[in-house]
Amino acid sequence: MKLTLDVIKEKQQWERANIRLPEYDVRTVRKRTAENPEWVHFGAGNIFRGFIGSIAQKLLNSGLSDTGIIAVETFDFDIIDKIYEPHDSLTLNVMMDRNSNLDMEVLGGVTEGIKANNYARLSEIAKKSSLKMISYTITEKGYNIYAPNGDFMDIVKTDIESGPKEPKHAMSVTAYMLYERFKAGKYPLAVVSMDNCSHNGEKLQKSVMIIAEEWINNKKAESEFLDYLKESVTFPWSMIDKITPRPSDRVKNELNKIDVEGIEPVVTSKNTYIAPFVNAEIPQYLVVEDSFPNGRPKLQEAGVYMTTRETVNKSETMKVTTCLNPLHTALAVFGCLLRYDAIWEEMQDSELCRLVSMIAEEGMKVVINPEIINPQEFVKEVITERLPNPNIPDAPQRIATDTSQKVGIRYGETIKAYMKSDSLDISELKAIPMAIAGWLRYLMGVDDNGNEFERSSDPRLDELSEKLAGVELGNPNSTDGKLRAILSDKSIFGVDLYEAGIAEKIESNLKSMLTGTGAIRNTLKNI
């Protein structure tokens with residue numbers, strides 16, 4: 001069995017392998033989509049293929065849609081050359097529960113994979129009045145148009161100088177398509193970020209508007225273009241949640257056993273790990289602000305929560321400040337310190353499992369309840385099903401990336417809520433101060449056995465390392481005078497932790513972790 005349009009016609013062999021196939025004529029859907037596209041998506045990687053692609057499949061299978069999604073890759077063109085084209089844009093979606101059961105389905109709702117430098121095709125799509133939405137999974141950094149010094153990135157400078165002609169940056173390509181649409185008839189459109197970052201629609205809108213304004217200022221576009229963007233284009237917010245890790249060797253081997261051929265993972269020139277199959281956990285959440293001026297697919301019939309911007313924001317806040325991200329960050333730093341290579345293995349560790357349960361309990365006292373998703377049920381699923389899933393080989397080293405940019409949201413918001421509360425005593429917090437102390441201990445780059453390890457990348461790593469210079473294992477008092485500059489930094493935590501009244505507890509926890517080898521484990525036992 002090979003993942004191509006011709007081979008999936010042989011339905012019996014796929015059915016014998018318990019692999020579901022599209023319940024619609026894929027070629028017919030592709031013809032309709034090419035002629036009258038309704039949905040374009042930027043970012044052709046795993047979460048799009050496995051999650052957003054499955055949404056299109058559900059709508060097509062049920063007859064609620066007769067067109068699919070056109071995928072545009074803006075960053076790594078090897079994905080199109082090595083994954084999409086050899087497999088006719090089909091994806092073998094493999095969902096895995098913690099009991100090693102595999103749920104397998106060939107997805108055919110992605111009808112075309114194109115590179116973002118195919119300007120003729122992008123223009124053709126943009127001019128179609130049928131187009132209802134452009135969506136995105138390009139990671140948070142894909143919306144950034146500025147260099148660290150505050151100037152535009154060089155690629156963005158070039159795009160601004162050139163105007164809407166052969167742009168390179170994803171935000172410039174978006175502005176280009178909107179400009180083409182403006183010229184064709186000022187057709188309305190929804191431009192929807194589905195990336196895992198807070199206020200994602202706002203980030204997308206701001207970058208696109210800045211580029212458009214620069215084009216207008218440089219006489220590269222008409223001033224009416226800005227009016228069109230403000231009046232006819234919406235930028236809905238969303239919250240997305242699904243773990244789609246790198247391709248699993250176990251899944252590849254299982255597929256080989258049932259005679260699925262040609263599904264070897266590849267590593268692209270941009271260091272993307274990708275395969276013809278996507279392996280992912282079963283739980284998935286997508287909450288989208290229902291603001292679509294040209295209509296939209298019946299997304300709610302495929303499990304998408306269509307709601308208000310306020311509810312989207314509440315859902316995001318619930319996830320990132322209480323129910324998932326704070327737990328992930330604690331497992332990341334302690335996983336590195338205790339030499340774990342997988343999150344699911346950490347959840348077999350009684351001390352770490354207790355720590356994340358306590359973090360959830362502390363956050364649940366001030367949780368933002370979005371109403372459409374029950375926070376208690378969500379966090380229970382996270383702790384009992386998602387994090388312990390051995391088939392989701394996510395690594396603490398990956399999650400530990402950029403922690404200085406995360407702790408303010410993941411812990412600082414809960415701390416601030418305790419400070420504002422008339423009924424809660426912030427001194428009762430135990431697990432959150434422990435998690436922050438664990439991060440400081442992680443920054444030393446020395447594990448619980450006294451061995452050095454490589455810390456994950458972080459934009460403030462050098463600065464924080466310098467502030468902790470001289471702190472050493474076996475000498476708890478070496479922290480004296482070195483922590484205030486970090487723990488009082490509102491740009492990190494969103495609050496001065498001394499003013500909050502928990503900095504001393506963090507200092508005490510860190511000193512306990514520095515008494516010698518094995519001290520981190522002992523400190524966790526005594527929480």
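Counting begins at 1 with the first residue of the sequence.
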What distance do Leu5 atom CG and Ser89 atom OG have between them, rounded to the nearest 0.5 Å?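 The OG atom of Ser89 is 8.5 Å from CG of Leu5, to the nearest 0.5 Å.
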
Verdict with reasoning, Leu286 to Val288, per side-chain contact (heavy atoms from CB on, under 4.5 Å): CA-CA 6 Å; Leu286 181 58; Val288 180; 3.8 Å; yes

Please walk me through it: do Arg181 and Met177 pass side-chain contact (heavy atoms from CB on, under 4.5 Å)? CA-CA 6 Å; Arg181 191 167 181 80; Met177 289 189 71; over 6 Å; no

Worked verdict on Lys206 versus Glu202 for salt bridge (charged side-chain N to carboxylate O under 4.0 Å, His left out): CA-CA 6 Å; Lys206 183 178 179 180; Glu202 184 177 59; over 6 Å; no

So, are Glu351 and Arg521 salt-bridged, with charged N and O less than 4.0 Å apart?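 Between Arg521 and Glu351 there is a salt bridge, with a charged N closer than 4.0 Å to a carboxylate O.
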
Side chains of [X] and [Y]: do they bring a donor and an acceptor to under 3.5 Å?
X: Thr4; Y: Asp88; answer: no
X: Asp76; Y: Thr272; answer: yes
X: Lys203; Y: Asn144; answer: no
X: Thr174; Y: Tyr136; answer: yes
X: Asn449; Y: Arg339; answer: no
X: Gln57; Y: Tyr24; answer: yes

Verdict with reasoning, Arg354 to Asp349, per salt bridge (charged side-chain N to carboxylate O under 4.0 Å, His left out): CA-CA 8 Å; Arg354 182 162 60 101; Asp349 185 312; over 6 Å; no

Just by distance, do the side chain of [X] and the backbone of [Y] share a donor-acceptor pair under 3.5 Å?
X: Asn61; Y: Glu23; result: yes
X: Asn325; Y: Thr321; result: no
X: Lys128; Y: Glu38; result: no

Is it the case that atom CD in Glu310 sees more than 12 heavy atoms from other parts of the structure closer than 6.0 Å?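 Check fails, neighbour count at 12 or below.
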
Does atom CD (Glu264) have a neighbourhood of more than 12 heavy atoms from anything else shown, all under 6.0 Å? yes

May I ask you to check whether Tyr285 and Phe378 place their ring centers less than 6.0 Å from one another?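 Yes, the ring of Tyr285 comes within the 6.0 Å limit of the ring of Phe378, centre to centre.
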
Aromatic ring proximity, centroids under 6.0 angstrom, Tyr442 and Phe453: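 When the ring centroids of Phe453 and Tyr442 are compared, they turn out to be within the sub-6.0 Å range.
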
Tell me the closest heavy-atom pair linking Arg49 and Ala44, and the distance in Å. CD-O, 3.2 Å

For Arg410 against Pro326, the heavy-atom pair lying closest together: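 Scanning both residues completely, I find the closest heavy atoms to be O-CG, 3.3 Å.
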
List the steps and the verdict of side-chain contact (heavy atoms from CB on, under 4.5 Å) for Asn200 and Trp237. CA-CA 6 Å; Asn200 48 19; Trp237 295 14; 4.0 Å; yes

Could you check Phe42 against Ile134 for side-chain contact (heavy atoms from CB on, under 4.5 Å), going step by step and ending with a plain yes or no? CA-CA 7 Å; Phe42 279 39; Ile134 303 176; 3.8 Å; yes

Paired with Glu112, the salt bridge (Lys or Arg N to Asp or Glu O under 4.0 Å) test is passed by just one of Arg32, Arg30, Arg121, namely Arg121

